[in-house]
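One structure is given below, encoded as structure tokens.
All figures in this text were calculated on a predicted structure; none of them were measured in a lab. Counting convention: from 1, in listed order, for ligands and their atoms alike.
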Amino acid sequence: MSDFPTKTIKSIKRLLLRQQREVEENLKEIEEDDPAKSPALAESSEPGTDSYIAETHTKTMVLGEQLKNASKNIKNALVKIRRGAYGKCEKCGKKIELLRLLVMPTAKYCVSCSKKT
Ligand SMILES: [Zn+2]
């Protein structure tokens with residue numbers, strides 16, 4: 001059992017699911033926008049196109065990594081909710097402050113542990 005009231009957990013879960021949807025939508029969008037995947041641009045012989053593609057592609061990769069990371073954290077939090085282990089600091093095992101979880105539902109550490117890292 002989790003230490004938080006069911007109602008609280010439910011709203012956190014809703015928050016996480018909404019974030020997950022947003023992250024997935026963003027991921028799809030940036031992948032579609034990646035010029036390296038656009039044949040028309042890749043075949044263009046305009047000067048500067050290559051560096052534009054390379055630059056944007058790099059940005060897309062970085063952003064994609066961040067989004068994938070966020071998605072992983074959201075999934076982890078959802079798994080923890082299912083197991084009733086949600087809201088426990090992964091470092092000291094203490095309860096994570098509720099306010100912190102409401103602001104950042106994917107938080108893995110309590111405030112004092114996150115300050116130490
Ligand atoms: Zn801690």
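A donor-acceptor distance shorter than 3.5 angstrom exists from the side chain of Glu97 to the backbone of Val111, with no hydrogens or angles considered. Side-chain atoms of Tyr109 never come within 3.5 Å of backbone atoms of Cys92 as a donor-acceptor pair (strictly under, hydrogens ignored). The closest donor-acceptor contact from the side chain of Arg82 to the backbone of Ala77 lies at 3.5 Å or more, if one exists at all.
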Under 3.5 Å, which donor-acceptor pairs do the side chains of residues 10-18 form with other protein atoms, sequence neighbours left out?
from: Ser11; atom 1: OG; to: Lys7; atom 2: O; distance (Å): 3.3
from: Ser11; atom 1: OG; to: Thr8; atom 2: O; distance (Å): 3.0

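Judged as a side chain to side chain donor-acceptor pair (under 3.5 Å), the pairs with a partner in residues 54-70 (not counting sequence neighbours) are, in order, Asp34-His57.
Tally of protein N, O or S atoms closer to the Zn ion (ligand 1) than 2.8 Å: 4.
Residues meeting the side chain to side chain donor-acceptor pair (under 3.5 Å) test with Lys80, sequence neighbours left out: Glu90.
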